[in-house]
J.: 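My questions all concern the structure below.
Nothing fancy with the numbering, it's 1 onward along the sequence. Both counts, for ligands and for their atoms, begin at 1 and track the order of listing.
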Amino acid sequence: MTQAVDSVDPVDPHALDALKRYFGYDSFRPGQSGIVSAILSGRDVLGVMPTGAGKSICYQIPAAMLPGVTIVISPLISLMRDQVDALNDVGLPAAFINTTQTPDEQDTVLAQTASGRIKLLYIAPERLETERFRNFANRVRISLVAVDEAHCVSQWGQDFRSSYLGIGEFIAHLPNRPTVAAFTATATERVRRDIVSILGLADPAITVTGFDRPNLYFDVINMPRRDKASWVASYIAAHPDESGIVYCATRKETEALAESINIAVRERRAAAGGGNVVPDGTVAVAYHGGMSAETREKAQRDFVTDRVPVVVATNAFGMGIDKSNVRFVIHHNMPESIEAYYQEAGRAGRDGEPSRCTLLWNESDIVTRRRLLDMDYDNDRLTQQEQDAVRASKHRLLNAMVGYCRTTDCLHEYMTRYFGEDGGVSRGDNGMCAGGCANCGQSIETTDVTDTARAISRCVHDVGASVGIGKIVKVLRGSKAQDIASLNPERMPTYGMLRDQSEAHIRDVLNQMVTDDLLEITEGRLPIVRFTHDSLKTASPDFHYEMKTIKRGRPSRVEGVSPRPLGSYTPENDGDEALFQKLRGVRFAIAQENKVPPYIVFSDKTLRDMTRVKPVDDEMFLSVNGVGASKLAKYGERFMQAIREFA
Ligand code: ADP
């Protein structure tokens with residue numbers, strides 16, 4: 001039932017025409033046209049596409065072409081306004097109903113929709129339960145129901161929302177069953193099955209597009225905690241024109257880091273004689289769930305409208321943030337799963353322009369994450385057995401994340417393989433991944449760690465009690481710490497055997513042994529190092545063990561760490577860059593006048609293309625990627641005027 005990506009599908013010429021007319025794009029991206037054709041032929045669909053792949057177009061184009069209204073169910077009301085603004089801007093009449101409106105306003109929207117004036121109506125799932133909406137739905141012609149973030153129906157997903165469970169029943173009770181299209185970026189098989197059964201999709205065409213994001217550069221840096229803040233501040237100071245997100249693990253951290261970024265960047269600019277910088281110019285704002293709704297809203301607006309380039313946030317930030325020009329996402333700590341990392345890092349570069357995702361981690365991040373998982377007893381509706389199963393599954397997710405930090409393989413490859421896709425990474429002639437990553441093209445250093453591994457294994461035997469990594473390392477290094485005194489370590493042959501090796505190195509080897517199944521760490525509140533049935537191998541005379549590490553420069557050198565990654569754009573000359581900045585200024589002014597975020601006027605990618613084409617008449621302007629008829633009419637003259645002045 002899964003449908004391959006549609007490079008061979010014939011593209012519906014009317015759909016292509018609508019794509020060009022409304023959105024100004026010349027072609028569909030992988031997966032899009034197959035989904036659009038299926039919907040237009042009345043077939044249910046499930047589209048599994050990574051963030052930024054362009055899911056919205058998949059239902060917006062059919063919505064423009066189908067006779068009735070399209071109901072879009074979306075989890076976040078904060079997102080609706082921007083989406084609706086963007087649609088109206090391209091000439092597709094859209095509206096939303098949500099709790100921010102008075103009943104009168106809601107009635108007006110429903111009346112407009114009933115009269116056929118609205119093509120797309122955005123609602124949150126809770127709305128379906130209201131009497132008023134059900135009455136309305138029974139009266140109007142609904143051609144399509146599009147369910148965004150459809151994984152919210154699944155308890156196995158990260159963002160389960162009980163109100164999503166009502167969608168299937170709502171659809172089943174409509175007088176005429178519309179086509180149903182569900183979209184998600186969550187790839188696991190279990191979640192997909194839940195979506196199909198809970199939403200009641202009928203023989204859906206399932207399209208799964210590639211998970212690789214070739215415009216993203218992936219970087220992983222092992223860094224002590226104390227260096228992280230200044231690294232982040234240097235990175236931001238070195239990229240003054242770029243918008244980015246920094247993710248932190250705790251609320252407190254977001255505020256402290258935002259503060260130190262602002263201070264550090266200000267000092268750096270002052271030292272560089274940055275005379276034209278506003279003295280109190282804020283570079284970074286914090287965002288987390290503990291702030292008042294008002295403060296959060298303001299932080300989000302400031303970021304989305306480019307007034308403040310950087311937001312420092314917990315993972316509460318981002319779902320539903322549709323800002324296409326995010327140039328970097330930095331993780332200050334290791335996230336809990338590849339799914340979470342992919343989703344958060346994937347908020348970079350939605351416009352397809354080269355962008356960078358950097359993960360800063362260290363051993364203590366891993367320990368913290370493990371501890372948090374084991375303390376996480378918040379679901380008292382589950383039996384002990386179910387809780388253990390959930391915990392074990394979370395540990396598996398975490399281990400895959402740890403694997404990402406440690407791998408010496410291509411990071412694009414690691415990620416796509418995790419999502420069950422082999423050979424999905426686009427590569428250049430040199431065999432390196434197209435987006436680039438910290439590992440491709442680096443030299444890899446191989447160290448023989450046979451003796452260390454043997455010593456670790458023997459020490460686990462010597463200790464013979466239930467202890468964790470920390471104590472094993474202490475015994476091996478001959479520590480006199482009190483907490484191992486009761487083990488009576490002096491009697492052990494391995495006591496002090498690795499006195500000359502650093503704690504970090506021994507831990508690295510031990511962790512790699514766990515990855516390779518030579519040892520295991522129990523998944524309990526106090527993780528214990530134990531033998532596996534492969535542990536015996538370390539005692540064999542043939543045993544040979546190596547560790548591969550990436551040789552890289554000092555991590556704190558920010559300038560060197562940030563080459564502009566490969567991509568469609570390279571600044572040919574300063575003139576083009578100056579024109580780009582001028583066009584950004586025009587965009588900012590229009591956005592302020594219309595009270596919308598700048599990227600709704602035009603994306604960075606469109607401005608880059610405009611910089612290249614330098615259009616001075618309507619036809620040229622329309623040829624710019626991302627310019628449709630409606631935007632030509634609204635904004636064309638102002639941008640062309642700026643281009644003429646520039647020339
Ligand atoms: P998703 O919902 O999958 O995360 P979006 O629908 O927000 O992604 O699309 C991401 C970006 O890609 C948007 O800026 C959108 O306008 C752009 N986009 C979508 N489809 C195309 C296309 N066929 N050609 C060019 N740009 C596209």
J.: Using the ring of each side chain (for Trp, its six-membered ring), is Phe183 parallel, tilted or perpendicular to Tyr59, with breaks at 30° and 60°?
T.: tilted
J.: In this structure, is the centre-to-centre distance between the rings of Phe639 and Phe602 below 6.0 Å?
T.: yes
J.: Tell me which residues fall inside the under-4.0 Å heavy-atom shell around ligand 1.
T.: Tyr25, Ser27, Phe28, Arg29, Gln32, Pro50, Thr51, Gly52, Ala53, Gly54, Lys55, Ser56, Ile57, Asp322, Arg350
J.: Aromatic rings Tyr342 and Phe211: how do their planes relate, parallel, tilted or perpendicular, breaks at 30° and 60°?
T.: tilted
J.: Report yes or no: is the cationic atom of Arg608 (NZ for Lys, CZ for Arg) under 6.0 Å from the centre of the six-membered ring of Phe580, at an angle within 45° of the ring normal?
T.: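 Pair Arg608/Phe580 counts as cation-pi.
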J.: Return each pair, listed once, that meets salt bridge (Lys or Arg N to Asp or Glu O under 4.0 Å) where at least one residue sits in residues 116-128; pairs must be two or more places apart or across chains.
T.: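 For residues 116-128, and leaving out neighbouring residues, the salt bridge (Lys or Arg N to Asp or Glu O under 4.0 Å) pairs sorted by first residue read Glu126-Arg161.
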J.: Is the shortest side-chain N to carboxylate O distance from Arg427 to Asp212 below 4.0 Å?
T.: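 No salt bridge links Arg427 with Asp212.
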